[in-house]
Amino acid sequence: MEWETVIGLEIHTQLQTKSKIFSSASTAFGAAPNTQACLVDLGYPGMLPVLNREAVRMAVKFGLAIGAKIAARSVFARKNYFYPDLPKGYQISQYELPVVSKGSVEIELEDGSSRHIGITRAHLEEDAGKSLHEGFEAVSGIDLNRAGTPLLEIVSEPDLRSAKEAVAYMKKVHSLVRYLEICDGNMQEGSFRCDANVSVRHKGEQKFGTRAELKNINSFHFVEKAILYEVQRQIEVIEGGGKVVQETRLYDSKKNETRSMRSKEEANDYRYFPDPDLLPLEISGEFIEEVRKTLPELPDRKKQRFMRDYGLSAYDAGLLTGSRELADYYETVVKAVDGEPKLCANWVMGELSAALNENNKDVAQSPVTAVMLSELLKRILDNTISGKLAKEVFEAMWAGEGDTDAVIAKKGLRQITDATAIEKIIDAVLAANPQQLAGYRAGKDKLFAFFVGQVMKVTQGKANPQQVNELLLKKLRG
Ligand code: ADP
Ligand code: MG
């Protein structure tokens with residue numbers, strides 16, 4: 001019997017407003033515990049929340065980017081539960097009437113096909129504080145700096161059918177919120193995290209199976225691993241004659257397993273009701289149009305344009321438009337180099353991306369700027385250096401040894417393009433290897449590569465490879 005996986009994600013994105021969603025306290029990350037929680041965030045009696053207009057603007061921006069419906073009137077509701085890091089005893093969220101509903105994004109799969117994934121809703125809410133366990137003995141610490149930080153919770157339809165699709169979807173939303181500049185996307189700091197709802201059913205079946213909710217996963221890699229583990233666990237439960245129970249589970253990345261945390265609350269456990277301290281949120285058509293004007297070129301569009309304007313494959317264009325910063329970097333290089341989009345793409349996706357990955361850096365932190373890389377590529381194109389030595393120059397620039405021309409001069413990497421000089425070296429190589437020369441003349445064509453190698457060795461890789469090939473062929477034939 002074949003099994004099918006069904007997944008729906010709830011993604012929590014922290015909106016990058018300066019102040020909190022209902023108070024003027026700062027949202028900056030990393031401050032000393034409890035220094036950025038004001039009376040509203042602490043839930044003091046009699047304090048009144050005031051909605052942050054920026055948070056609304058960002059939610060609308062996201063809604064427009066996913067082709068969703070923007071509610072002219074939406075309502076904030078209290079979601080009641082007790083948690084040590086939730087001093088009010090309730091979280092202000094949106095329930096029946098979210099600000100954004102019925103949108104979708106397109107994801108691309110490894111085989112090149114694409115699928116539309118429905119987004120049920122995206123609603124505004126406040127984050128809770130944090131309970132701290134590390135560094136405490138027998139007690140926990142409470143840090144309320146995060147309390148009241150604006151979140152946009154993005155809830156997908158149960159449209160995803162594999163762990164890979166879930167990752168592709170999560171990456172797409174991540175890329176989108178960063179393009180829109182509404183979330184910094186920093187997953188380590190928890191600015192972008194998700195709950196994965198997972199169930200299994202027999203292929204062909206109409207009804208969904210019972211789901212488990214995997215809480216608070218903050219890496220693409222862990223989402224994939226957690227889902228794969230959970231799917232296997234559920235299949236084993238059912239095949240063993242048992243039943244999957246609806247519950248909340250935690251993924252332990254060290255052990256690579258999910259563990260039951262609590263049975264799942266139903267909505268009615270939360271006793272949602274409209275928050276009497278907040279008026280309904282009314283959004284005018286004018287406001288929506290104003291926000292629409294601030295939409296940047298979005299990743300799908302940019303990808304199409306890269307394919308059209310630069311003749312790139314869908315795969316290359318997809319990689320290069322994965323983040324706005326990378327796309328901007330690439331375009332700066334292409335424009336400066338002029339006429340070599342594929343060479344530029346190879347360097348950005350190759351050397352640059354590898355170095356960024358290896359050093360765990362974003363494009364914005366690259367020591368080799370787009371201008372520096374374009375200078376390097378120009379030196380390849382005008383034959384000052386070979387492609388191979390260019391990699392050495394790149395490494396030196398990455399290490400902070402100066403720009404292209406300085407590194408070439410300092411290391412003496414300038415390519416030898418003087419035909420007379422190359423011919424002299426070839427003559428010397430042939431004279432030094434009479435046996436190989438005789439062998440080549442006797443029909444061992446493969447020895448050609450040997451001679452090329454010798455010339456490159458003598459010149460420390462600096463002879464222009466194309467000239468070496470041509471001149472060597474001429475000599476051997478002559
Ligand atoms: P809650 O807020 O209680 O978690 P929702 O009904 O809003 O519940 O659903 C949350 C997420 O669970 C959505 O992303 C939805 O697509 C997903 N989901 C619902 N039913 C299933 C199911 N049977 N299997 C997998 N995912 C599901
Ligand atoms: Mg949920």
Side-chain angles (χ1 to χ4, degrees), residues 3-13 62 66 68 74 76-81 83 90-105 107 115-128 151-170 172-174 192-217 223-224 226-235 237-238 243-251 258 260-273:
W3 293 95
E4 181 175 58
T5 304
V6 174
I7 304 159
L9 295 190
E10 295 162 90
I11 298 178
H12 290 91
T13 54
F62 180 76
I66 60 163
S74 63
F76 286 99
R78 289 187 180 180
K79 181 178 181 181
N80 298 282
Y81 60 96
Y83 231 69
Y90 61 85
Q91 176 192 23
I92 305 178
S93 182
Q94 295 191 308
Y95 184 51
E96 281 155 323
L97 295 170
V99 59
V100 168
S101 58
K102 293 199 176 82
S104 76
V105 293
I107 59 165
R115 285 192 60 207
H116 282 277
I117 304 301
I119 291 180
T120 320
R121 55 190 275 148
H123 61 256
L124 282 164
E125 62 183 26
E126 58 178 345
D127 209 343
L151 297 179
L152 185 67
E153 178 174 339
I154 303 162
V155 182
S156 85
E157 290 288 308
D159 283 350
L160 301 156
R161 290 291 171 271
S162 69
K164 281 231 154 40
E165 285 190 15
V167 173
Y169 166 78
M170 197 176 169
K172 188 59 181 272
V173 174
H174 187 257
F192 188 92
R193 54 192 199 260
C194 92
D195 303 340
N197 294 271
V198 180
S199 66
V200 297
R201 64 178 173 188
H202 287 302
K203 221 170 188 140
E205 196 151 321
Q206 290 301 306
K207 241 182 87 188
F208 288 139
T210 305
R211 73 185 146 121
E213 183 183 38
L214 313 178
K215 265 295 190 219
N216 254 333
I217 313 179
V223 163
E224 180 166 3
I227 293 172
L228 288 175
Y229 175 90
E230 180 59 18
V231 166
Q232 209 44 48
R233 187 191 70 84
Q234 292 186 10
I235 291 174
V237 166
I238 300 170
K243 270 197 173 128
V244 173
V245 289
Q246 183 160 325
E247 62 182 352
T248 300
R249 298 179 72 87
L250 266 192
Y251 175 66
T258 65
S260 179
M261 192 163 109
R262 53 168 189 254
S263 69
K264 168 91 185 140
E265 301 85 353
E266 294 296 334
N268 56 18
D269 294 332
Y270 289 121
R271 300 286 189 274
Y272 278 100
F273 65 86

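We count residues from 1, following the sequence as given. Just so it is clear, the values below take in all heavy atoms, side chains as well, and ignore hydrogens, waters and symmetry mates. Numbering of ligands and ligand atoms starts at 1, following listing order. Quick caveat, the model's predicted, so the values are computed rather than measured.
- Considering backbone and side-chain atoms alike, Phe208 places every N or O at 3.5 Å or more from each N or O of ligand 1.
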> Run the salt bridge (Lys or Arg N to Asp or Glu O under 4.0 Å) check on Lys215 and Glu213 step by step: do they pass?
Replying inline: CA-CA 6 Å; Lys215 265 295 190 219; Glu213 183 183 38; 3.8 Å; yes
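- Taking every non-hydrogen atom of Val155 and a distance limit under 4.0 Å, the qualifying atoms of ligand 1 come out as 13 (C), 14 (O).
- Note: an N/O pair closer than 3.5 Å links Pro158 and ligand 1 by distance alone.
- Residue contacts with ligand 1: Thr210 is placed with no nitrogen or oxygen under 3.5 Å of a nitrogen or oxygen of the ligand (distance criterion only).
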>> I'd like to know whether Phe192 forms a side-chain contact (heavy atoms from CB on, under 4.5 Å) with Met170, so could you lay out the CA-CA distance, the side-chain angles of the two residues, the decisive distance to 0.1 Å, and finally the verdict.
In response: CA-CA 10 Å; Phe192 188 92; Met170 197 176 169; 3.8 Å; yes
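- Formation of a donor-acceptor pair under 3.5 Å by the Glu230 side chain with backbone atoms of Arg249 is not found in this model.
- Shortest non-hydrogen contact noted between Leu9 and Leu160 is CG-CD1, 4.0 Å.
- Near Glu157, the atoms of ligand 1 lying under 4.0 angstrom from a non-hydrogen atom of the residue are 16 (O).
- Aromatic ring pairs are classed by plane angle as parallel below 30°, tilted from 30° to 60° and perpendicular above 60°; the pair Tyr81 and Tyr270 is perpendicular.
- When Asp159, Ile119, Ile7 are each tested for a side chain to side chain contact (heavy atoms under 4.5 Å, CB included) with Tyr169, only one passes: Ile119.
- The atoms of ligand 1 that sit less than 4.0 Å from any heavy atom of Leu9 are 14 (O).
- Arg271 and Asn80 form no side-chain donor-acceptor contact under 3.5 Å, judged by distance and modelled atom types alone.
- Compare Ala212, Ser156, Gly209 by their heavy atoms: the one nearest to atom 16 (O) of ligand 1 is in Ser156.
- Comparing heavy-atom distances from atom 17 (C) of ligand 1 across Asn197, Val198, Val244 singles out Asn197 as nearest.
- In this structure, of Ala196, Ser199, Gly8, the residue bringing a heavy atom nearest to atom 24 (N) of ligand 1 is Ser199.
- Residue Val6 approaches ligand 1 through these ligand atoms, each under 4.0 Å from one of its heavy atoms: 24 (N), 25 (C).
- Counting the atoms of ligand 1 from 1 in the order shown, those under 4.0 Å from a heavy atom of Glu213 are 4 (O).
- In this structure, the side chain of Glu126 engages the main chain of Ile92 through a donor-acceptor pair within 3.5 Å.
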